[in-house]
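Okay, so here's the structure we're looking at.
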Amino acid sequence: MKKLISGLVIGGILGSCMFVYAAATSWTATKASFKVMVRGEEFISENPAIVVEGRTYLPLRAMGDALGVNVEWNDQLRQAEVGMATKTQTTNSGSAKTNTGDADKGKTSWIATKASFKVMVRGEEFISENPPIVVEGRTYLPLRALGDALGVRVEWNESLRQAQVGDVTPSATIVPVVTPSTTPASGATPKRTSAVSAADTITVEMATVEAKAGDVVEIPITFSNISKIGIATIDFTVTYNAANLEFIEAPAGDIVKNAGVNYGSNKSEDGSIKFLFLDYTMTGAESINSNGVFTKIKFKVKDTAKVGENSIAISGDSTFGDTQLAAMKVEYKAGTVKVVE
């Protein structure tokens, strides 16, 4: 619950710092390579935990069974209902399934589609920028957001490389997860705290490289002049020339702690990559407090790329906040992919 409250505070003060799905309605889902532990027991289901765009998703009905939370399908209202009645028995059709098979044993990847129906959690619509999805006819929800909505602790154990889902917090007030949009309305600007960080101005610099058509290149984004105060939250967008460059991936760099929980990157559309960081401990324990590489963007230079320079730059509004949620001063230096013959 602390994480839910902290996330909403940061969303309201510094602008949204959650993962962006933009207008996409389908994604590739891959079987999770790590364990999910629920109250000390490994989560095992015919429909496995999956990862979509860097976020862990669990099958809704199986997760409800593991937590003792009732999950039902309301055919009249065409919606999945979670925790809206005392769980007394297993009901059918609770995961809005369209077939009776499991997620094809032996497969490790599937196509996930955005759910076309509502999911109600204790009477409130479940709203998150990581939306409910359907895989092989089964409803999946993002683990962290569902845990927050139910008042259940969700932690990432880096040493054991596993997600851990704890007991329901008795004193928690259950509220729906409502995440502010990361795409502001026309003319809108993400809100920032009026306080300005005492930290020195951070330098964010993108590299410049030369490449030929067909080459794969990496563009490191390096942070320097980082003070002991540390960076607790980051939200920025990098733009590139999609006519000549094809985005491949942007993994976390060496200064990012607990990247599986705190870091996210996503190509929201051709020519635009969203980067997000949030120290979910909210204590500064996993803030960025040293100089180094934040991420390395990997591009393929298209075979049809024309000779010339292609700018890689931070565009639009960006947010850097310290551990006190004060806005930080940042100097940006663009990079370039120079295509040569």
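FYI, side chains are in, hydrogens and waters are out, and symmetry mates aren't considered; it's all heavy atoms of this structure. Worth saying up front: this structure is predicted, and the values here are computed from it rather than measured. All residue numbers in this chain count up from 1 along the given sequence.
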Can you name the salt bridge (charged side-chain N to carboxylate O under 4.0 Å, His left out) partners of K298, sequence neighbours left out? E249
For D235 and T319, indicate whether the former's side chain and the latter's backbone hold a donor-acceptor pair under 3.5 Å. no
Applying salt bridge (charged side-chain N to carboxylate O under 4.0 Å, His left out), can you list everything that pairs with D200, at least two apart in sequence or on another chain? none
Got a sec, which residues hit salt bridge (charged side-chain N to carboxylate O under 4.0 Å, His left out) with E158, two or more places apart in sequence or on another chain? R161
How about Q164 and V154: do any of their side-chain heavy atoms sit closer than 4.5 Å? no
For N258 and E286, does a side-chain donor sit closer than 3.5 Å to a side-chain acceptor? yes
Partners passing ring pair (Phe, Tyr, Trp, His ring centres under 6.0 Å) against Y332 (at least two apart in sequence or in another chain): none
Applying side-chain contact (heavy atoms from CB on, under 4.5 Å) to D270 and not counting sequence neighbours gives A242, K267
Should I202 and I231 count as side-chain neighbours, where that means a heavy-atom distance under 4.5 Å? yes
Could you pull out all residues at least two apart from F223 that satisfy ring pair (Phe, Tyr, Trp, His ring centres under 6.0 Å)? F294, F320
Pairing donors with acceptors under 3.5 angstrom, does anything connect the side chains of Q162 and N157? no
Verdict with supporting geometry, R138 and E46, salt bridge (charged side-chain N to carboxylate O under 4.0 Å, His left out): CA-CA 11 Å; R138 302 287 180 170; E46 62 180 6; 3.8 Å; yes
Partners of T208 by side-chain contact (heavy atoms from CB on, under 4.5 Å), sequence neighbours excluded? T336
N/O donor-acceptor pair under 3.5 Å between T139 side chain and V134 backbone: no
Are any of the side-chain heavy atoms of I221 and V238 separated by less than 4.5 Å? yes
Run the salt bridge (charged side-chain N to carboxylate O under 4.0 Å, His left out) test against D75 and tell me which residues pass, sequence neighbours left out. R78
Do the non-hydrogen side-chain atoms of I273 and N266 ever get within less than 4.5 Å of each other? no
Show every ring pair (Phe, Tyr, Trp, His ring centres under 6.0 Å) that has at least one partner inside residues 237-260, sequence neighbours left out. Y240-F299
Mind checking what makes side-chain contact (heavy atoms from CB on, under 4.5 Å) contact with K329, not counting sequence neighbours? V196, T201
Heavy-atom side-chain contact between I133 and V52 under 4.5 Å: yes
Please list all pairs passing the side-chain hydrogen bond (donor to acceptor under 3.5 Å, both in side chains) test where one or both residues lie in residues 209-225, with sequence neighbours left out. none
Does E42 have any side-chain contact (heavy atoms from CB on, under 4.5 Å) partners at least two apart in sequence or in another chain, and if so, which? K35, M37, I44
If only side-chain N and O atoms count, and only distance matters, is there a donor-acceptor pair under 3.5 Å linking D279 with N262? no
